[in-house]
Amino acid sequence: MNLPVAFQNKYRRLLGDEADAFLASFDEPSTSGFRSNPLKNGQPQATIEQSSGRVPYVSTGYYGSVNGKSLDHVTGWIYSQEPSAMFVGEVVDPQPGEKVLDLCAAPGGKSTHLIAKMKDQGLLVANEIFAKRAQVLASNLERWGTKNTVVLNERPDSLEKQFPAFFDRILVDAPCSGEGMLRKEPAGIEYWNENYPAECANRQRKILQSALKMLKAGGVLVYSTCTFAPEEDEQNIAWLLKEYPALRMISVEKTPEMDDGRPEWADQNPELKKAVRLFPHHMKGEGHFIAKLQLTEQPVTPVKKKHKKKGRTNNNQLTKDERQLFEKWSTKYLPKCEFNNLVKFGEQLFAVPNGMPDMGSLKVQTPGLHLGTFKKNRFEPALALGLALQPEQMTNHLDITKEQWRKYVHGDTFNVERSTPNGWYLLVCEGHTTGFGKVVNWIVKNFFPKGLRF
């Protein structure tokens with residue numbers, strides 16, 4: 001790889017005898033991986049059989065490439081994620097029932113990991129500042145089948161006003177110079193320069209300041225980057241510890257292939273050894289840095305929440321007719337499921353997770369589980385609802401063949417036995433819930449979203 005001379009000189013100075021092995025690692029192939037989804041009904045055996053082994057530090061992690069059009073991927077049984085990046089979710093280690101914020105969440109690999117470790121219990125707020133990336137984030141979480149996730153499209157300094165001292169855990173997977181991903185994404189070389197890491201570090205500090213205003217006393221902050229730059233890694237953590245005496249480092253438990261943080265690259269603070277560095281010349285993965293901190297009982301003074309006009313106005317409430325339509329549909333097809341906190345955005349119906357405060361004037365990409373759409377005198381269930389269900393939760397579920405599934409994702413109709421009653425069905429292929437179809441006179445009408453068909 002044609003690395004910039006300034007980059008090579010920098011890491012020869014910092015790494016000394018390690019530099020040759022470090023720089024040589026950029027000419028090695030990058031490592032692919034994926035995680036299985038414990039929220040689903042079974043294991044993705046078809047994909048696992050094609051893997052090259054387990055990722056040792058993630059119980060759901062495997063080495064290997066993923067076919068994006070496979071049944072396992074399309075139905076959210078797996079998520080393609082680089083192996084080093086998987087360790088971030090393990091370090092955050094959120095627990096069921098907690099309130100968790102993934103502040104810089106797109107495209108969603110770490111968010112899907114967090115909500116899986118939470119067993120989809122509690123509240124995960126996944127935020128992304130860029131609108132198009134927020135859409136991708138929402139789509140990936142929808143496929144994962146989560147019910148208790150809200151996706152926002154906001155600036156961190158806007159969120160701090162809405163969630164003062166609110167979250168049990170916050171992940172700041174900060175936008176960075178991306179040095180650790182150059183092997184996987186060589187285009188990053190084009191915008192790297194000697195000053196770029198320092199510019200990124202300044203942005204990261206502003207994001208961290210907002211994050212700390214949203215963290216409860218006793219809460220955990222995890223800061224991660226995919227860069228080797230000390231300016232963005234140890235030096236930012238040294239700055240945090242100096243500026244916020246209420247913070248203390250928590251040791252990250254490491255495997256033998258993982259490195260300690262490097263105090264010599266910051267303020268010689270021995271606490272920095274508690275962070276972890278993932279180097280590609282030491283382990284099977286790309287470059288990462290992760291630090292874990294706890295806010296003690298002396299909290300960072302949160303901003304006072306401003307009382308704005310509530311986001312859930314009458315425009316978000318269901319009419320009597322709409323409520324009756326949904327209750328009639330859910331009573332018939334989902335009698336074992338209970339949906340609370342129903343809100344409507346346009347004609348779309350969502351169930352907002354318990355514990356989510358009023359969203360005020362925030363830019364909301366997905367306010368919770370997308371249940372469906374109100375059409376004229378009828379309710380149509382959403383793909384997100386289908387992917388979040390287990391087959392036994394639906395009164396009508398229909399086992400379909402792989403060939404029928406291919407027709408389904410292509411947008412085609414297909415025939416079923418003439419004894420099949422009319423009505424809505426949850427379609428199930430080899431144990432995978434794939435979405436909804438409506439049987440009308442032995443033909444399954446297709447409701448797979450047009451924008452996702454292939």
Side-chain angles (χ1 to χ4, degrees), residues 39 41 75-76 115 120-125 135 138-139 141-152 310-360 362 364-398 408 420-428 433-440 444-452:
L39 302 181
N41 225 13
T75 58
I115 196 65
D120 202 15
Q121 298 171 23
L123 170 67
L124 173 66
V125 176
Q135 292 172 9
S139 178
L141 283 163
E142 174 182 286
R143 191 170 66 250
W144 199 244
T146 170
K147 303 179 183 71
N148 289 304
T149 302
V150 173
V151 179
L152 301 179
K310 291 189 175 183
R312 297 176 199 166
T313 62
N314 289 335
N315 292 332
N316 297 108
Q317 302 304 312
L318 280 67
T319 65
K320 181 180 178 181
D321 288 345
E322 288 168 339
R323 188 171 293 277
Q324 288 177 345
L325 272 178
F326 177 68
E327 288 179 353
K328 181 180 179 180
W329 189 92
S330 60
T331 299
K332 181 175 182 179
Y333 293 110
L334 294 172
K336 299 178 182 178
C337 297
E338 184 177 346
F339 301 99
N340 300 313
N341 309 322
L342 298 179
V343 296
K344 188 181 66 164
F345 281 69
E347 300 307 313
Q348 308 303 315
L349 180 65
F350 295 85
V352 178
N354 290 328
M356 181 66 188
D358 183 84
M359 293 178 234
L362 292 175
V364 180
Q365 182 68 42
T366 307
L369 176 61
H370 187 197
L371 299 176
T373 307
F374 289 111
K375 300 289 181 76
K376 187 177 181 180
N377 297 322
R378 69 184 191 277
F379 174 79
E380 290 184 0
L383 174 65
L385 174 60
L387 295 175
L389 293 172
Q390 306 293 356
E392 62 272 13
Q393 292 177 291
M394 183 85 174
T395 302
N396 295 344
H397 57 270
L398 183 66
Y408 178 67
T420 307
N422 289 345
W424 285 98
Y425 286 79
L426 182 63
L427 305 180
V428 183
T433 55
T434 67
F436 291 103
K438 190 174 186 181
V439 175
V440 179
V444 178
K445 291 196 171 184
N446 197 308
F447 286 84
F448 194 69
K450 291 182 179 180
L452 298 178

For residues [X] and [Y], report the shortest heavy-atom separation together with the two atoms involved.
| X | Y | value |
| --- | --- | --- |
| Phe350 | Thr366 | CE2-CG2, 3.9 Å |
| Thr149 | Pro353 | N-CG, 3.9 Å |
| Gln393 | Leu334 | O-CD2, 3.4 Å |
| Trp144 | Gly76 | CE3-O, 3.6 Å |
| Glu322 | Lys344 | OE2-NZ, 2.9 Å |
| Thr434 | Val428 | OG1-N, 4.5 Å |

**Request:** Begin from the C-alpha positions of Phe339 and Leu349 and carry the test side chain to side chain contact (heavy atoms under 4.5 Å, CB included) through to its verdict.
**Result:** CA-CA 11 Å; Phe339 301 99; Leu349 180 65; over 6 Å; no
**Request:** Mind running side chain to side chain contact (heavy atoms under 4.5 Å, CB included) on Leu371 and Ser330 for me, showing each step along the way?
**Result:** CA-CA 10 Å; Leu371 299 176; Ser330 60; over 6 Å; no
Return yes if some donor-acceptor pair links the side-chain N/O of [X] with the main-chain N/O of [Y] below 3.5 Å, else return no.
| X | Y | answer |
| --- | --- | --- |
| His397 | Pro391 | yes |
| Lys147 | Ala388 | yes |
| Asn148 | Asn354 | no |
| Thr373 | Glu347 | no |
| Asn396 | Trp424 | yes |

Rounded distance (nearest 0.5 Å) linking atom [atom1] of [X] with atom [atom2] of [Y]:
| X | Y | atom1 | atom2 | answer |
| --- | --- | --- | --- | --- |
| Glu142 | Leu387 | CD | CG | 6.5 Å |
| Leu385 | Glu380 | CG | CD | 13.0 Å |
| Thr75 | Leu427 | OG1 | CG | 12.5 Å |
| Leu369 | Leu342 | CG | CG | 10.0 Å |
| Leu123 | Met356 | CG | CE | 6.5 Å |
| Thr146 | Ile115 | OG1 | CD1 | 4.0 Å |

**Message:** Tell me if the aromatic rings of Phe374 and Phe379 count as close, with their centers under 6.0 Å from one another.
**Reply:**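 Under 6.0 Å, so yes.
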**Asked** Do the ring centers of Tyr408 and Phe448 come within less than 6.0 Å of each other?
**Response**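 Between Tyr408 and Phe448, the centre distance is under 6.0 Å.
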**Asked** Please walk me through it: do Leu389 and Lys336 pass side chain to side chain contact (heavy atoms under 4.5 Å, CB included)?
**Response** CA-CA 11 Å; Leu389 293 172; Lys336 299 178 182 178; over 6 Å; no
**Request:** Tell me, with the steps shown, if Leu426 and Tyr333 meet side chain to side chain contact (heavy atoms under 4.5 Å, CB included).
**Result:** CA-CA 9 Å; Leu426 182 63; Tyr333 293 110; over 6 Å; no
**Request:** Look at the aromatic rings of Trp329 and Phe326 and report parallel, tilted or perpendicular, splitting at 30° and 60°.
**Result:**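 The rings of Trp329 and Phe326 lie parallel, inter-plane angle below 30°.
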**Item:** Met359 side chain near Val125 side chain, heavy-atom distance below 4.5 Å
**Value:**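 Of all side-chain heavy-atom pairs linking Val125 with Met359, none is under 4.5 Å.
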